[in-house]
Amino acid sequence: MTRDLKDTVFLPRTDFPMRGGLPKKEPELLAHWAAIDLYGKLRQDGAERAPFVLHDGPPYANGNIHIGHAVNKILKDVVIRSQQMQGRNAVYVPGWDCHGLPIEWKIEEKYRKAGKDKDEVPVLQFRAECRNFAAEWVGIQATEFRRLGVEGDWQNPYLTMAFDAESAIVREIHKFLLNGGLYKGAKPVMWSVVEKTALAEAEVEYQDVTSPMIWVRFPVVTAPTPVLNGAAVVIWTTTPWTMPGNRAVAYGEDIPYAVYTVTEAQEGSLAKVGEKLILAQALAEGVATSAKATFAKGADVAAADLNGAILAHPFRGHPEANGGYDYPVPLLPGDHVTSDAGTGFVHTAPGHGAEDFDLGRKFGLEVPRTVDADGSYYAHVPLFAGARVYTPEGKPGDANGKSISALIAQGALLAKGNLKHSYPHSWRSKAPLIFRTTPQWFISMDTNDLRARALAAIDETQWVPPQGRNRIHAMVESRPDWCISRQRAWGVPIALFLSKADGQPLKDEGVLNRIASFFETEGADAWYNRPAADFLGPDYDPADFDQVFDIVDVWFESGSTHAFVLERRNDLSSPADLYLEGSDQHRGWFHSSLLESCGTRGRAPFKAVLTHGFALDEQGRKMSKSLGNVVAPQQVMEEYGADILRLWVVGSDYSEDLKVGKEILKSNADLYRRLRNTLRYLLGALADFTEAERVEPAAMPDLERWVLHRLAEMDAIVRQSTKEYDLHRLITELHNFCAVDLSAFYFDVRKDSLYCDAPTSARRRAVRTVLERLFVTLTAWLAPILCFTAEEAWLAFLVEGDDARRAAWPESVHLRQFPDIPADWRNDALAARWTVVRDVRRAVTGALELKRADKTIGSSLQAHPTVYVQEAHQAALAGLDLAEISITSGITVMVGAAPEGAFALADVAGVGVVFGPAEGEKCERCWRILPEVPAAAEGVEQLCHRCDDAVGHHV
RNA sequence: GGGCUAGUAGCUCAGCUGGUUAGAGCGCGCGCUUGAUAAGCGUGAGGUCGCAAGUUCAAAUCUUGCCUGGCCCA
């Protein structure tokens, strides 16, 4: 051969590498976007378009991001980008939750390590350190989020600790004060006697301790049914000291009870022979054992028989109590009562337990204040004044003993013993805790019909998936009033003044405005920094008021973001189109935002809420350090890159929990390769493509028009799934399209034309026209998901194109829109024909596979099969070259029954294939075996007619 | 214990209001190609549809219970 024919073949040519090298490439793209101010250009681009507002739920600024953050931010980013590319101006303002307990802890820890106590530190200094701590993590997390490819207004995020935010938050609190929703109440909280402070659930740890346990008689005073006459209800408790706080006894509505008579009492028993006790049937025997007695079961007592009964407090009539315990003790139904342990009756002290408190609220019981901050009884408590629950060192005090001896004196004690059980302790001092009543601020669920409004707003919101509606509806329906006060330092104070005269909060708008104004310019520190007179102004005397220093629940703060972010920023508006968070936020941010907004604006701050599940390991278990199954996003970045992580998120069914681990990441990397190589192949095939080469669809072969039809179908799917936030469907369809329709079929078939046809050939021009459309369309569709790879491919497209291309297209794929697909590309009749054609093709490739297996052929170009088809098939094949489509050198199509032994596929009826070898010589250029190719001879180029012609063009 | 929710091939997922041999992609095995080559093509093997009852002529699909997970509460 005189020249190398390979040089005349138009092989794919591109610098877009097969391997992404994402861990290295992605940071380069981030730098590039920063350099061209992509965010600014996006805003400029979308300025005239309809806004799309996705309001960011603020993560907590106190540590590196974990996989859950990554899931959330990636989903948001994909939604934002796809909305932007579908005609909206999708502004994304990231935010952070900056106040709160976990940050306080970190700062306290620092002090403790330095041997200092938190209380020695001036509050303003403490708050300043918290602020610095939060600011530092905001910076770190922002970097980590951006590394995921999340685009947004990172220069101007929102922070709950920003002065304007603190001011807006206090204004929201004031709104509740003015509309009557805010009230001061009392609530039992976990309290450390040692530290003299309330503790949050997260600060509590459980340790085993041995406590006294007692069984106590509550004599029936008023019996709704005669069976109860003369009997006593028995309760069991491990906190005898709470008896002074008793205001009720709870029973279970589904628990069978009975009257028992004591028939026998052993030595030392406190039971009295002949006395009648009411107990749960399932527990009576155990009580008898504990009481060292024998019981005889009497009449059954149903829950209905207990309803309305009134009991006597065991201390009733105590000679030294001055009648302090002579109040009625009602029997009340409680859902929390079980027959697992105890007696089936629960001693209820509303000031000493959460369930007791809730039951008390439900039935209007008094919440007595019995114990002071140091663990001693207030002077007003009969019999117990000055007694200690725990000493200041955290050791048991004398209150339990006093209670037990009073019970014995009253003849109320039925039995006693000791129990080793799990009991709450302070995380720091390790001292045991108590439940203690403290004054707190609440937002009423009933004032201004808040509950009803919130429920109505839930129904006006679109929940994705729809089950979310039920979840939050059930919570709002049954939740108690919202306790918004915390006895803490790092947060926004509930900035109010209480009148010393009547304890009522001052509702003077002038004062409230002054407070908010100072906060606006100086931050909430002003509350600690300035004298009260500055806020009260000339009309009030500071001596007449107490200043409230409780801070507000951080959920109230984040629940107010709609007020200081959506409403205040010019680039956003309220209500938001979408809130998008993990499903735990039904209890959290969705919930607090809903209540806050319904309480102040009467409606939800969102039109739609999308929730996603949690990241679990490959076995579907929660990630934990101890299980060693934690997947860190930073690690995935290093090993695979952000696009793999993004692909994983979008490829999972995120309406449920998402599983992740080594194998799953690996398979996502495989999926990614296919998408990347599709783009790479397109780029290679489009080398030197210019506008002059383009042809109209009408002039294209059927196969090209079929591809355009598929693009039209895909376009409908892409738009629909974007609209429904069904990103999972989107990526699945895109991947299948790339793998099945393009790579395995269209690209494979068209390689011959692309590589070997003359550049001027109508067929090749049509192919390249379609490939260009495919590239342009696929990069747009993939851009929201594979934001780095789509950009990398797009930049290659611009660099490898001509000046006209660079002038015609935006400099970034993210500044594009999803391409408009002409409606007439859709051709269902054509598609139906191609379904038949591909069935016949499958029969052919199936037949060839057998010959390949027995080594008759290697390449399919060595074959020239005969295909027997029905008339319907023939009609579908009309005008098509089945050899070209099947990638054989020739093919013979016969209408009629296939001979005996012909190859057939079970699911392709009426098609039979008989193998035949391709006859002739192999074209040295296109490798087809055709009779027209001249025989090998010295000085002869073995070329088919087409290649001979094409080589002529190739100078 | 309560509310919400899930359990389909090794993996990610389809399977609508019950109806022929349960599908797809990936992975895996085998083969081909060596002009997408750390790529591409073909083909094959993989499923007690979590378990058990029940309703029905018929259930992955409906009902109940149980098991194993998840989130939020208690």
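Each chain gets a letter, A, B and so on, in the order the sequences are listed, and its residues count up from 1. Here the structure is a predicted model, which means the values were calculated and not measured.
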Engineer: Sorted by first residue and then second, give each salt bridge (Lys or Arg N to Asp or Glu O under 4.0 Å) pair with at least one member in residues 580-591 of chain A; sequence neighbours left out.
Structural biologist: A:Lys76-A:Glu581

Engineer: State which of B:rG70, B:rC11, B:rC72 makes the closest approach to the side chain of A:Leu616.
Structural biologist: B:rG70

Engineer: Using the salt bridge (Lys or Arg N to Asp or Glu O under 4.0 Å) rule, collect all pairs that involve residues 640-659 of chain A, keeping only residues at least two apart or in two chains.
Structural biologist: A:Asp77-A:Arg646

Engineer: If I pick the C1' atom on B:rC57 and the same atom on B:rG50, what distance separates them, to the nearest angstrom?
Structural biologist: 28 Å

Engineer: Which value, in whole Å, describes the distance between the P atoms of nucleotides B:rG25 and B:rG7?
Structural biologist: 22 Å

Engineer: Going by the rule salt bridge (Lys or Arg N to Asp or Glu O under 4.0 Å), which residues pair with A:Asp15 if we only count those two or more places apart in sequence or in a different chain?
Structural biologist: none

Engineer: Looking at residues at least two apart in the chain, or sitting in another chain, which of them share a side chain to side chain contact (heavy atoms under 4.5 Å, CB included) with A:Glu618?
Structural biologist: A:Glu663, A:Ile664

Engineer: Using both pair distances under 3.5 Å as the test, note the stems of at least 3 consecutive Watson-Crick or G-U pairs that include RNA chain B.
Structural biologist: B:1-7 with B:67-73, B:10-13 with B:23-26, B:28-32 with B:40-44, B:50-54 with B:62-66

Engineer: List in chain and number order the residues that pass salt bridge (Lys or Arg N to Asp or Glu O under 4.0 Å) with A:Lys922, two or more places apart in sequence or in another chain; answer none if no residue qualifies.
Structural biologist: none

Engineer: Could you state the OH-C1' distance from A:Tyr654 to B:rU12, rounded to the nearest angstrom?
Structural biologist: 14 Å

Engineer: Using atom C1' of each nucleotide, how far apart are B:rG46 and B:rU55 to the nearest Å?
Structural biologist: 33 Å

Engineer: Suppose we screen for salt bridge (Lys or Arg N to Asp or Glu O under 4.0 Å). Which residues come up paired with A:Arg852, at least two apart in sequence or across chains?
Structural biologist: A:Glu849

Engineer: Whole angstroms only, please: what is the CZ-C1' distance between A:Arg587 and B:rG2?
Structural biologist: 12 Å

Engineer: I'd like the P distance from B:rU48 over to B:rG1, given in whole Å.
Structural biologist: 32 Å

Engineer: Map A:Leu658 and A:Asn470 onto RNA chain B by nearest heavy atom, then report which one ends up closer to the 5' terminus.
Structural biologist: A:Asn470

Engineer: If the glycosidic angle sits within 90 degrees of zero it is syn, else anti. Tell me which applies to B:rG15.
Structural biologist: anti

Engineer: Which nucleotide wins on minimum distance to the side chain of A:Glu663, given the candidates B:rC11, B:rU5, B:rG70?
Structural biologist: B:rC11

Engineer: Would you check, one step at a time, whether the test side chain to side chain donor-acceptor pair (under 3.5 Å) holds for A:Tyr654 with A:Thr611?
Structural biologist: CA-CA 8 Å; A:Tyr654 47 83; A:Thr611 55; over 6 Å; no

Engineer: Side chains of A:Cys944 and A:Cys926: does their closest heavy-atom pair fall under 4.5 Å?
Structural biologist: yes

Engineer: Using atom types as modelled, flag every donor-acceptor pair under 3.5 Å from a side chain in residues 728-739 of chain A to any protein atom, sequence neighbours excluded.
Structural biologist:
| unit_1 | atom_1 | unit_2 | atom_2 | d |
| --- | --- | --- | --- | --- |
| A:His728 | NE2 | A:Gly651 | O | 3.2 |
| A:Thr732 | OG1 | A:His728 | O | 2.8 |

Engineer: Which pairs pass salt bridge (Lys or Arg N to Asp or Glu O under 4.0 Å) with one or both residues in residues 904-917 of chain A, sequence neighbours excluded?
Structural biologist: A:Arg842-A:Asp907

Engineer: Would you kindly say whether A:Ser655 and A:His612 are connected by a side-chain donor-acceptor distance under 3.5 Å?
Structural biologist: no

Engineer: Roughly how far apart, to the nearest Å, are B:rU12 and B:rC73 at atom P?
Structural biologist: 28 Å

Engineer: Once each nucleotide of nucleotides 30-41 of chain B is scored for protein heavy atoms under 4.0 Å, what B/S/- sequence comes out, 5' to 3'?
Structural biologist: -SSSSBBSSSSS

Engineer: Judged by each residue's nearest nucleotide on RNA chain B, which is more toward the 5′ side, A:Ala474 or A:Asp584?
Structural biologist: A:Ala474

Engineer: Flag the pair A:Arg673 and A:Asp670 as a salt bridge only when some basic side-chain nitrogen lies within less than 4.0 angstrom of an acidic carboxylate oxygen.
Structural biologist: yes

Engineer: In whole angstroms, how far is the P atom of B:rC11 from the CD1 atom of A:Ile644?
Structural biologist: 20 Å

Engineer: Rounding to an integer number of Å, can you tell me how far A:Arg621 CZ sits from B:rG7 C1'?
Structural biologist: 12 Å

Engineer: Heavy atoms under 4.0 Å, any strand shown: does A:Gly620 hit a base, just sugar-phosphate, or nothing?
Structural biologist: sugar-phosphate

Engineer: Rounded to whole angstroms, how far apart are CH2 on A:Trp555 and P on B:rC72?
Structural biologist: 10 Å

Engineer: In whole Å, what separates the C1' atom of B:rC62 from that of B:rU17?
Structural biologist: 11 Å

Engineer: Expressed in angstrom and rounded to an integer, what is the separation of A:Asp670 atom CG from B:rG10 atom C1'?
Structural biologist: 13 Å

Engineer: Rounded to the Å, how far apart are A:Ile664 CD1 and B:rC11 P?
Structural biologist: 8 Å

Engineer: Determine the interatomic distance between C1' on B:rA45 and the same-named atom on B:rA9; round to the nearest Å.
Structural biologist: 11 Å

Engineer: For RNA chain B, what residues of residues 728-736 of chain A have any heavy atom nearer than 4.0 Å?
Structural biologist: A:His728, A:His735, A:Asn736

Engineer: Provide the distance between the two C1' atoms, one in B:rC11 and one in B:rC51, to the nearest whole Å.
Structural biologist: 23 Å

Engineer: For A:Phe590 and B:rC71, give me the distance from atom CZ to atom P, rounded to whole Å.
Structural biologist: 16 Å

Engineer: Does B:rC71 have OP1 or OP2 sitting under 4.0 Å from an N or O in the side chain of A:Lys622?
Structural biologist: yes

Engineer: Identify, with sequence neighbours excluded, every residue that meets side chain to side chain donor-acceptor pair (under 3.5 Å) alongside A:Glu800.
Structural biologist: A:Thr14

